[in-house]
Amino acid sequence: MINKTVASKSHAIRFFSRMAVQQKIIVATLLTLFIAMLIAAITFTGYDARTFKDRLQQESRITAKIISKRSIAAVMFRDKKAAQTNLDVLAVQKSILLACIFNAEKQVFVVYPLGLEEQCKFVASLDVKTHVYADYFSQTEPIAIGKRTVGWLYVRTSLDEAFQRTIRFLIASVVILLGSLVLAFIITNPLRRQIVAPILHLSNLTNQVQITRDYSVRAVKESDDEIGGLADDMNSMLHHIQTVHLQLTNAMEELTEKNILSEDKADTAELSTKRVKDFFAGASHDLKQPLAAMGLFINALEDEPLGPTGKRYLSKLGEAADNLDNLFGQLLDAGRFEEKLIRPDLEVVNMDDLFNRLRVEFEVMANDKNLILKVHCANVKILSNKIMIERIMRNLLSNAIRYTEQGGILLACRGQGEMIRIQVFDTGMGISPDQCEIIFDPYMQLNNPEHSVDKGFGLGLSIVKRLSDSLGHEIKVRSTVGQGTCFQMLASNMGKTQKKTPTFEQKDPPNIQPYTVTNPLENKLIWVIEDDVLLAEALVAVLTRWQANVLIISDLDEVTVLLQQHHIKIPDLFISDFYLTETLSGPDVIEFVEDSLQVKLKGCILSAEADEKILQRLGDRKIPILKKPLKPAALRATLVSLLKH
Amino acid sequence: MVLRFLTLLGLTLSLTLPLFADENQRGEYQVKALFLYNFANFVEWPEDAFKETESPIEMCLFGNVPFSAFMDVVDGTLIGDRELHISTSQNIKDIENGCHILFVGEDQRLHLREFFKQIKYVYVLSVGNQKGFADQGGIINILRTTDQLEFEINITNAMQSGLFISSDLLSLAREIKRHSKK
């Protein structure tokens with residue numbers, strides 16, 4: 001019951017709180033007025049009812065006294081007529097219900113109105129002077145002369161008049177109450193408006209500001225009260241917001257302008273970067289040719305009789321050429337891989353095939369430095385990109401060989417659950433911990449003038465890092481200065497290969513100076529199919545030094561002429577450039593010769609890069625591809641390997 | 001107290017008057033006695049009418065008064081502050097000393113004119129029960145109408161006797177006479 005009352009109370013308060021200010025003021029004023037007037041009306045009505053009843057009683061008593069006095073004689077002389085006449089006077093008083101005169105023996109003497117004798121007989125007692133009942137009250141007045149009582153007068157008066165008067169009073173009160181409320185509502189309307197109008201004005205203003213975001217509007221102060229103060233506060237707030245908004249707008253415009261400028265600059269920078277890349281890409285083929293030739297010439301020059309100074313200069317020249325070759329290769333790679341890095345095409349890569357190729361290429365280089373290269377590979381496949389993973393491994397291996405002066409290098413890959421761990425160990429100089437953190441930063445070394453003369457790992461490793469990140473292969477480096485370094489990379493395992501372990505796994509340890517013992521190239525006929533005269537001559541110089549017989553073919557016409565000779569000597573090996581002219585490739589020439597002579601030729605292809613086009617052209621034929629700039633050691637290893645198979 | 005007297009009146013009536021066989025007659029006497037007693041209550045005598053302030057009201061029943069027995073019960077009762085003394089007499093000399101209320105019996109009807117000439121003293125309320133009593137010098141005369149007893153008053157005689165009669169009594173009178181045919 002109490003909870004209910006509280007709930008309904010809070011409900012009323014909630015209802016009130018949802019009202020508009022104007023409605024709240026109306027409710028508050030009219031409710032106050034209503035309560036005050038209601039209390040007044042109830043009080044006055046109650047007071048009036050009480051007073052009226054008292055007056056009625058008093059009047060009745062006086063009437064009874066007069067009648068009783070006047071009736072003394074009538075009662076004493078038993079004059080019913082006279083007594084009746086006295087009682088009939090009561091007719092003027094409508095509220096009198098019943099009047100009886102009793103004689104000394106308490107017997108009914110006369111009655112008013114006539115015919116109600118029976119009711120008089122039921123009068124309970126004549127001793128009680130006044131008795132009030134629910135709807136009437138009674139008076140008993142003795143009829144006495146001196147001390148002698150000769151009879152009694154009993155008068156019963158209805159309270160109906162009092163009730164009706166109270167009801168009339170209440171109705172009048174309600175009418176007055178409602179009238180007052182209406183009147184109060186009308187009269188206080190202007191006052192109310194004076195309170196509400198400024199509030200509504202402020203409210204409308206805030207709405208307007210919210211919708212239009214126009215902070216230049218101001219509230220009109222209409223009074224000096226709290227609402228006026230509110231208007232002042234709001235105006236100062238609006239002023240503040242306007243100021244800040246203006247500053248923000250300006251700042252934003254400035255920023256937009258700067259952004260456009262910087263976008264322009266970025267566009268320009270991007271454009272120039274692209275131009276540089278395009279330049280490198282375009283120049284790569286042209287630049288590689290002379291570089292390859294230079295390498296070969298230096299190699300060829302080593303057998304020439306030179307004085308001690310000459311030999312020292314030649315050695316320095318060789319080193320310089322190597323550096324040039326490395327840096328140049330890295331620069332080109334940096335440009336070329338940029339675009340492919342973003343979205344590499346993932347494929348299943350057979351690690352055995354990859355490791356075999358790497359072994360062939362790098363074993364010779366390692367041997368040249370008296371280093372042992374060990375390759376250990378459980379026949380596995382990984383999810384990667386053939387060209388990109390090869391690029392990574394090449395960079396890691398060439399770095400390892402470059403920085404190792406004694407001991408060896410281990411190339412390993414092994415399964416580790418769902419992952420394949422690919423590792424390159426070396427016994428080189430090692431990398432200090434602080435350097436370990438920055439070796440993958442691009443151009444790290446190029447920005448450092450101290451190392452600019454070094455062979456550099458900066459660019460190479462940054463490419464490795466970017467390639468591995470792009471492929472999703474996590475790469476790590478562990479190193480101890482003076483003991484060695486291990487680069488480790490994780491790739492997804494795609495299962496074992498069907499092939500058997502390659503035969504060269506069981507090969508003898510690499511020969512430190514293989515060609516000093518036997519020279520498998522001696523007196524072998526090697527065709528050099530190359531349109532670049534400089535590179536062709538360099539190849540001839542190197543091959544001649546290796547005591548091979550060389551025949552240069554620069555185009556298809558020469559081949560045709562050659563094939564027309566009767567005693568044509570079939571070459572033991574060929575070395576062919578891939579791109580001869582725009583329409584003719586090395587393999588075209590080889591196939592033409594093979595078709596004409598009905599033989600299978602062995603040899604290798606030279607190319608600036610091992611792109612898809614070349615691989616597609618070669619198809620099933622497993623012709624090794626040697627990359628330009630050509631390293632004499634790699635070339636020799638390839639040629640020897642070809643002769644053995 | 002008065003009530004008791006009235007009750008006694010009723011009792012005495014039934015015990016001491018067995019001779020009155022007629023009930024109506026008895027009731028009439030009773031009422032006449034009541035009337036006579038009541039008259040004393042509605043008449044005021046001047047102070048001069050009494051020797052002292054506590055002197056009683058003398059009521060004299062003269063001549064043949066058949067209801068005199070009923071009056072015995074009220075003998076000695078108080079009317080206002082004064083006692084009521086009732087005396088009965090057949091001899092005019094007995095009432096010469098003065099009566100405040102004088103009831104004249106029917107047997108005196110023929111001598112009324114003469115009788116009132118003999119009454120020298122004033123302040124006497126004369127009550128009779130005979131036709132023409134009020135016209136012949138009496139003040140109140142009790143009459144019998146068809147169904148009840150009534151009375152008439154000669155107010156001129158009352159004023160000549162120095163009496164003041166209450167308006168209540170006057171209002172009950174069947175007739176109020178103003179001139180006496182003395």
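Throughout, protein chains are lettered first and strands after them, A, B, ... in sequence-line order, and every chain is numbered starting at 1.
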May I ask you to decide whether A/Glu59 forms a salt bridge with A/Arg61, counting only side-chain N to carboxylate O separations under 4.0 Å? no
Ring centroid separation for B/Phe42 and B/Phe164, is it under 6.0 angstrom? no
Anything under 30° is parallel, anything over 60° is perpendicular, the rest tilted; go ahead and classify B/Phe151 against B/Phe39. perpendicular
If you check every heavy atom in residues 67-81 of chain A against those of chain B, which residues fall under 4.5 Å? A/Lys69, A/Ile72, A/Ala73, A/Ala74, A/Met76, A/Phe77, A/Arg78, A/Asp79
Shortest non-hydrogen contact from B/Lys177 to B/Asp135? CD-OD1, 3.0 Å
Is it true that B/Lys32 and B/Glu28 have a side-chain N and a carboxylate O under 4.0 angstrom from each other? yes
Check: B/Ser126 and B/Phe133 side chains under 4.5 Å, non-hydrogen atoms: yes
